[in-house]
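The structure appears right after this line, and notes come after that.
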Amino acid sequence: MTSKAVRTVSKVLVCLFVLATLWRLRLNSFHFPSQSVFHAHGSTTNVDWSRFAYTQYVTNTAYLCNSVMLFETLHRLGSRADRLIMYPAEFSTENDSVEGKLLRKARDEYGVKLAPIEIQSRDSADSTWAESYTKLLAFNQTQYQRVLSLDSDATLLQSMDELFLLPPCPVAVPRAYWLNPNDRTMSSQVVLIQPSEFEFNRIKQSIADAGSNDYDMEIVNNLYKDSALILPHRPYDLLTGEFRSKNHTSYLGNAIERWDPMDVLSEAKFLHFSDWPVPKPWVRADPKLIEEKQPTCDINPETGLYDDCRARDIWLGVYDDFAQRRQVL
Ligand SMILES: *[C@@H]1O[C@H](CO)[C@@H](O)[C@H](O)[C@H]1NC(C)=O
Ligand SMILES: *[C@@H]1O[C@H](CO)[C@@H](O)[C@H](O)[C@H]1NC(C)=O
Ligand SMILES: *[C@@H]1O[C@H](CO)[C@@H](O)[C@H](O)[C@H]1NC(C)=O
């Protein structure tokens, strides 16, 4: 006699309890971000974009050209954040040198702010080292609340303005998905940074203590491995070498999804040139090497033939596009 009434009452009580809990959670999450300085998250109408900048660092003329190309892309895509170039103080912006012309073009046509710097170096004349340390000077650009450092041996496919609106964190980076997944190594090709004196001092200390095989990636990994916000490498960091690979599990993040080179290209925002032993796209390559290393065509399930050559066409196309834009500049 009692069981039916008891069951009904208890069902009603359980429902009320669940509803009350959900209501409380909703209120909590509503109050959560109130202390955040990034209160414009989700809406970009009231954002002061001058607090944010894409940064490039330059140590030589070839890379200056790549950086100006990247700024041209940001300008063309209508990105709203500032653009900042850190370049060697020896490059004159006034005279007719290639460097002077490129810097003036960046400033006058693409709205780039110029920050002269001293190239960082250590006793051994190791240019890779100098490159990699100069990148870390982005932590010293404290006139900005946030800067996004992008490697310039890359093609920017879409604006990344939304990254500036992420919740506060000292550093946000994607993982280097192409390395051993068990190492969880973070990539330093795309680094979102909150510049500060405190963090820059830590960086300087790590540089001073660095071993001979420690470059910017090792420093960022050592300092931030437990505190970085991880950006999804899809869509923020894709290597051109992915189009040559026959195993896409690491990139896709699962073994179920079908690899579709067109879909991957259209979702990606940042495409980094990385195809060793194929040289970077501004270095003349031996045509035999390209012939040998270019992506092979995939099997087409509809025809059963190896006539799906989209990955190869994309790969050749992105190299060609880079070369053409560089020629024009
Ligand atoms: C331009 O400036 C650089 C660096 O100051 C200098 O080495 C070079 O001689 C100058 N070139 C001309 C054409 O004035
Ligand atoms: C860092 O920034 C400060 C202030 O702008 C500047 O005086 C200093 O030279 C910079 N340090 C380096 C290593 O560039
Ligand atoms: C593809 O790569 C994944 C992740 O590295 C690995 O677990 C898997 O065994 C590989 N598959 C093949 C067919 O080699």
Side-chain angles (χ1 to χ4, degrees), residues 36-59 63-89 91 93 99-119 134-174 188-200 203 216 220 229 231 235-237 269-270 325 329:
S36 163
V37 284
F38 299 94
H39 43 238
H41 186 67
S43 134
T44 57
T45 44
N46 296 317
V47 176
D48 177 3
W49 290 98
S50 69
R51 294 176 305 155
F52 307 130
Y54 290 84
T55 62
Q56 292 284 296
Y57 70 100
V58 159
T59 55
Y63 277 84
L64 173 59
C65 191
N66 295 342
S67 289
V68 178
M69 286 170 67
L70 201 133
F71 287 129
E72 185 277 325
T73 307
L74 285 167
H75 174 78
R76 182 160 33 86
L77 295 175
S79 152
R80 285 158 296 179
D82 268 16
R83 296 158 203 154
L84 179 75
I85 190 164
M86 302 182 287
Y87 68 99
F91 285 4
T93 54
E99 296 82 8
K101 284 184 190 158
L102 283 170
L103 287 170
R104 286 199 300 276
K105 189 177 178 77
R107 182 190 63 196
D108 300 341
E109 293 182 30
Y110 310 134
V112 175
K113 301 218 158 64
L114 307 182
I117 45 132
E118 298 303 323
I119 303 265
T134 308
K135 180 193 265 188
L136 298 173
L137 292 178
F139 282 87
N140 197 29
Q141 301 303 318
T142 50
Q143 69 276 32
Y144 288 104
Q145 188 174 357
R146 249 183 175 160
V147 298
L148 181 58
S149 166
L150 300 177
D151 277 5
S152 65
D153 45 352
T155 295
L156 187 69
L157 299 165
Q158 295 179 53
S159 162
M160 300 190 184
D161 285 1
E162 71 280 8
L163 292 183
F164 293 109
L165 307 179
L166 284 172
C169 57
V171 155
V173 280
S188 61
Q189 295 171 1
V190 174
V191 191
L192 181 71
I193 295 165
Q194 285 174 192
S196 74
E197 202 184 325
F198 176 78
E199 295 298 337
F200 187 54
I203 292 278
D216 53 289
V220 168
L229 179 73
L231 302 173
Y236 292 108
D237 200 0
K269 299 198 169 199
F270 181 83
R325 283 187 292 118
L329 186 64

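Remember, it's a predicted structure, so these values are computed and weren't measured experimentally.
Between A89 and E118, the shortest heavy-atom contact is CB-OE2, 4.0 Å. Between E199 and S196, the shortest heavy-atom contact is N-OG, 3.0 Å. The two residues E109 and H75 come nearest to each other via the heavy atoms O-CE1, 3.4 Å. In this structure, Q56 and S152 approach most closely via the heavy-atom pair OE1-CB, 3.1 Å. When all heavy atoms of L229 and C169 are compared, the closest pair comes out as CB-SG, 3.7 Å. Closest non-hydrogen pair, A138 versus M86, comes out as N-CE, 3.7 Å.
Annotation: salt bridge (Lys or Arg N to Asp or Glu O under 4.0 Å) contacts of D151 (sequence neighbours excluded): K135. Every residue meeting the side chain to side chain contact (heavy atoms under 4.5 Å, CB included) condition with R107, not counting sequence neighbours, appears here in chain and number order: R104, L114. With sequence neighbours excluded, no residue forms a salt bridge (Lys or Arg N to Asp or Glu O under 4.0 Å) with E99. Scanning for salt bridge (Lys or Arg N to Asp or Glu O under 4.0 Å) contacts around K113 gives D82, with sequence neighbours left out. Applying the side-chain hydrogen bond (donor to acceptor under 3.5 Å, both in side chains) test to T55 and every residue at least two apart in sequence or in another chain returns nothing. In this structure Q158 satisfies the side-chain hydrogen bond (donor to acceptor under 3.5 Å, both in side chains) test with no other residue, sequence neighbours excluded. In this structure, the side-chain hydrogen bond (donor to acceptor under 3.5 Å, both in side chains) partners of Y236, at least two apart in sequence or on a different chain, are E162. With sequence neighbours excluded, the residues that form a side chain to side chain contact (heavy atoms under 4.5 Å, CB included) with A106 are V68, V112. Applying the ring pair (Phe, Tyr, Trp, His ring centres under 6.0 Å) criterion to F270, with sequence neighbours excluded, gives no partner residue. Remark: N140 engages F200 in a side chain to side chain contact (heavy atoms under 4.5 Å, CB included) (not counting sequence neighbours). Residues passing the side-chain hydrogen bond (donor to acceptor under 3.5 Å, both in side chains) test with Y54, sequence neighbours excluded: D161.
When side chains are defined from C-beta on, Y57 does not count as touching L137, because their heavy atoms never get closer than 4.5 Å. For the pair R80/V47, no side-chain contact is recorded, criterion being any heavy-atom separation below 4.5 Å from C-beta on. For the pair L102 and C65, the minimum side-chain heavy-atom distance is below 4.5 Å. Annotation: side chain of I193 is not in contact with side chain of Y144 (no heavy-atom distance under 4.5 Å). In this structure, I117 and V58 have side chains that are not in contact, with every pair of non-hydrogen atoms separated by 4.5 Å or more.
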### Task
Kindly indicate, with the supporting measurements, whether the criterion side-chain contact (heavy atoms from CB on, under 4.5 Å) is fulfilled by F52 and L163.
CA-CA 10 Å; F52 307 130; L163 292 183; over 6 Å; no

### Query
Please walk me through it: do D48 and Q145 pass side-chain contact (heavy atoms from CB on, under 4.5 Å)?
CA-CA 11 Å; D48 177 3; Q145 188 174 357; over 6 Å; no

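Below 30°, between 30° and 60°, or above 60°: for W49 and F164 the angle between ring planes is above 60°, a perpendicular geometry.
The CD atom of Q189 sits 10.0 Å away from the CG atom of D216 when rounded to the nearest 0.5 Å. To the nearest 0.5 Å, atoms CG (L64) and CG (L103) are separated by 5.0 Å. In this structure, CG on L74 lies 9.0 Å from CE on M160, to the nearest 0.5 angstrom. Here the straight-line distance linking atom CZ of F71 with atom CG of L150 works out to 8.5 Å at 0.5 Å rounding. Annotation: the span from L77 atom CG to K269 atom NZ amounts to 10.0 Å, rounded to 0.5 Å.
Judged by distance alone, the side chain of R325 and the main-chain N or O of E72 form no donor-acceptor pair under 3.5 Å.
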